[in-house]
Participant: 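Take this structure, written in structure tokens, and hold onto it; I'll ask about it next.
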Amino acid sequence: MCVRYTVHKPEAALEALEGVLNAALRGKTLLEPRYNIAPSQLAPIVAKESGEPSLGSMRFGLLPPGDRGAERKRALPNARAETIAGLPAFRAAAAGRRCLVPACGFYEFRDLGTRKQPWLFTLDDDEPMALAGLWEPPDGADPPTFCIVTTTANRVVGEVHDRMPVILTGESAALWFGDSPLNSAELAQLTLPAADGLLRARRVDPYVNNSRHEGPRCVAPPPPEDPELF
DNA sequence: CCAGACGTTGTT
DNA sequence: GTCTGG
DNA sequence: CCAGACGTTGTT
DNA sequence: GTCTGG
């Protein structure tokens, strides 16, 4: 899964994407650092607008085409890479509305029974990353929505959870961001789990568990009063 | 044909 | 337990 | 994902 | 929107 993440160095994240795409982002603005993005919140997303890479604000939790105009809308924060090409909820977006989700890290929670222990996963060099996303256009007064594509966990993330976001680096970000539909081989190649050596895991303060909490404390180490090992 | 469900995550 | 809000 | 709320009826 | 069940 991947339903909580950070973009606490947004300028670096956007610059990295501009480098990978070899293009300036239209609509680029100064962004506030975010430490605890959760479903239903607005987040910065890079998508094509009139064919050009553009920075926009979208709501986390994709509204499937079938729920357009519905009374009861079900937002989907994740989509399994293995099934996006065939499922009605994701098929159109997978073919023509793939996007990049600027991120500095993502959280996973270990279920300890009595509490949820949060972990932060970043690139090993702490550089920003791009997560694979899908998006849907605005629905009436509602803003555009996006979801994060997931794949099987690698060994690093697997210690905490069995799913992780698709992390796009360099060339794979540009390919994911291409205009034309991907065939199944290309899709499979692009959505492989990140290499183990690429990721670094850190325990963080359970302060982050509450999605209303924001700020640097979300990525800080757990306080010393919190003694358990795992 | 229409009506209704559909997709994610988690379940030691 | 299940659903909603963030 | 986690945190937190959650429901009916009748009554004033 | 698209698929399934009736």
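Only a predicted model underlies this, so the values are computations on that prediction, with no experimental measurement involved. The chains referred to below are lettered A, B, ... by the order of the sequence lines, with proteins before strands, and numbering in each begins at 1.
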Participant: Check for a donor-acceptor pair, side chain of E127(A) on one end and backbone N or O of A13(A) on the other, with a separation under 3.5 Å.
Facilitator: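 Absent.
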Participant: Would you please name every residue forming a side chain to side chain contact (heavy atoms under 4.5 Å, CB included) with N22(A), sequence neighbours left out?
Facilitator: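 If we apply the side chain to side chain contact (heavy atoms under 4.5 Å, CB included) test to N22(A), skipping adjacent residues, there are no hits.
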Participant: With salt bridge (charged side-chain N to carboxylate O under 4.0 Å, His left out) as the test, would you mind laying out the steps for R74(A) and D67(A) before giving the verdict?
Facilitator: CA-CA 7 Å; R74(A) 286 235 287 159; D67(A) 280 8; 5.9 Å; no
Participant: Just need the stems in DNA chain B: three or more back-to-back Watson-Crick or G-U pairs, each with both distances under 3.5 angstrom, sorted by first number.
Facilitator: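 Stems for DNA chain B, defined as runs of 3 or more consecutive pairs: B:1-6 with E:1-6.
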Participant: Write down the distance separating the P atoms in dC3(C) and dG7(D), rounded off to the nearest Å.
Facilitator: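 It works out to 12 Å between them.
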Participant: So if I take residues 29-45 of chain A and measure heavy-atom distances to DNA chain C, which residues fall below 4.0 Å?
Facilitator: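 Listed by number, they are A38(A), P39(A), S40(A), Q41(A).
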Participant: Quick one: list whatever passes side chain to side chain contact (heavy atoms under 4.5 Å, CB included) with N209(A), sequence neighbours left out.
Facilitator: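 F109(A), K116(A), P118(A), P206(A).
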Participant: In whole Å, what separates the P atom of dA3(B) from that of dC6(D)?
Facilitator: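 Those two atoms are separated by 34 Å.
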Participant: dG6(C) base to R212(A) side chain: any donor-acceptor pair below 3.5 Å?
Facilitator: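 Flag unset: no donor-acceptor pair detected.
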Participant: So if I take every side-chain heavy atom of N210(A) and compare against dT11(B), dA3(D), dT9(B), which nucleotide ends up nearest?
Facilitator: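 Among the listed nucleotides, the one closest to the side chain of N210(A) is dA3(D).
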Participant: Under 4.0 Å, heavy atoms only, any strand: does R68(A) hit a base, just the sugar-phosphate, or nothing?
Facilitator: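 No contact at all - R68(A) keeps every heavy atom at 4.0 Å or more from the nucleic acid.
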Participant: Mind calculating the distance between CZ (F146(A)) and C1' (dG6(C)) to the nearest angstrom?
Facilitator: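 Nearest whole value for this atom pair: 13 Å.
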Participant: With C1' as the reference atom in both, quote the distance from dT8(D) to dC1(B) in angstrom, rounded to an integer.
Facilitator: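 Taking atom C1' in both dT8(D) and dC1(B), they lie 40 Å apart.
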Participant: Describe, in one word, how the ring planes of F146(A) and Y5(A) are oriented to each other, choosing from parallel (under 30°), tilted (30 to 60°) and perpendicular (over 60°).
Facilitator: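 Ring orientation, 0 to 90° scale: perpendicular.
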Participant: Regarding L76(A), tell me which of base, sugar-phosphate or nothing describes its non-hydrogen contacts under 4.0 Å with the strands shown.
Facilitator: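 The answer is base, as L76(A) lies within the cut-off (heavy atoms under 4.0 Å) of a base atom.
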Participant: Decide yes or no on side-chain hydrogen bond (donor to acceptor under 3.5 Å, both in side chains) for S40(A) and R59(A), but give the supporting numbers first.
Facilitator: CA-CA 6 Å; S40(A) 83; R59(A) 189 180 298 281; 5.3 Å; no
Participant: Enumerate donor-acceptor pairs with a distance under 3.5 Å from any side-chain N or O in residues 82-95 of chain A to protein atoms, sequence neighbours excluded.
Facilitator:
{"residue": "E82(A)", "atom": "OE1", "partner": "R163(A)", "partner atom": "NH2", "Å": "2.9"}
{"residue": "E82(A)", "atom": "OE2", "partner": "R163(A)", "partner atom": "NH1", "Å": "2.8"}
{"residue": "E82(A)", "atom": "OE2", "partner": "R163(A)", "partner atom": "NH2", "Å": "3.3"}
{"residue": "T83(A)", "atom": "OG1", "partner": "R80(A)", "partner atom": "O", "Å": "3.3"}

Participant: Rounded off to whole Å, could you give me the NE2-to-P distance for the H213(A) and dA3(D) pair?
Facilitator: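 Distance check: H213(A) NE2 to dA3(D) P gives 10 Å.
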Participant: Taking NZ from K116(A) and P from dG6(C), how many angstroms apart are they, rounded to a whole number?
Facilitator: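 In whole Å, dG6(C) P lies 21 Å from K116(A) NZ.
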Participant: State the CD-CG distance between E52(A) and L21(A), to the nearest 0.5 angstrom.
Facilitator: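 Rounded to the nearest 0.5 Å, the CD-CG separation comes to 12.5 Å.
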Participant: Rounded to whole Å, please give me the gap between CZ in R80(A) and P in dG10(B).
Facilitator: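 These atoms are roughly 9 Å apart.
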Participant: May I have the distance from D67(A) (atom CG) to dA5(B) (atom C1'), rounded to whole angstrom?
Facilitator: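 About 10 Å, once rounded to whole Å.
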Participant: Is any side-chain N or O of R91(A) closer than 4.0 Å to OP1 or OP2 of dC3(E)?
Facilitator: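 Checking R91(A) against dC3(E): at least one side-chain N or O falls below 4.0 Å of OP1 or OP2.
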Participant: Looking only at side-chain atoms of H161(A), point me to the closest of dT8(B), dT9(B), dG10(B).
Facilitator: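 Of dT8(B), dT9(B), dG10(B), dG10(B) is nearest to the side chain of H161(A).
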Participant: Among dG1(E), dT8(B), dC2(D), which nucleotide has an atom closest to any side-chain atom of R74(A)?
Facilitator: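 Looking only at heavy atoms from C-beta outward on R74(A), the closest nucleotide is dT8(B).
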Participant: Considering only side-chain heavy atoms of R4(A), which listed nucleotide, dT8(B), dG1(E), dC1(D), is closest?
Facilitator: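 It is dC1(D).
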Participant: If only side-chain N and O atoms of N209(A) are considered, is one of them under 4.0 Å from the OP1 or OP2 phosphate oxygen of dA3(D)?
Facilitator: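 So the side chain of N209(A) is within the cut-off, an N or O lying under 4.0 Å from OP1 or OP2 of dA3(D).
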Participant: Using the P atom on both, measure dG4(D) against dT9(B) and round to a whole Å.
Facilitator: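 Result for the P pair: 24 Å, nearest Å.
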Participant: Please tell me if S211(A) has a side-chain N or O lying less than 4.0 Å from either OP1 or OP2 of dG4(D).
Facilitator: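 Answer is no, no contact under 4.0 Å.
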Participant: Nearest to the side chain of P88(A), heavy atoms from C-beta on, is which of dG10(B), dT2(E), dG7(B)?
Facilitator: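 The nucleotide sitting nearest to the side chain is dT2(E).
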Participant: Among all residues two or more places apart in sequence or in another chain, which pass the ring-ring contact (aromatic ring centres under 6.0 Å, His included) test with F177(A)?
Facilitator: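 None.
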Participant: Could R200(A) and D124(A) be called an ion pair, given the rule that one side-chain N must be under 4.0 Å from one carboxylate O?
Facilitator: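 Salt bridge: no.
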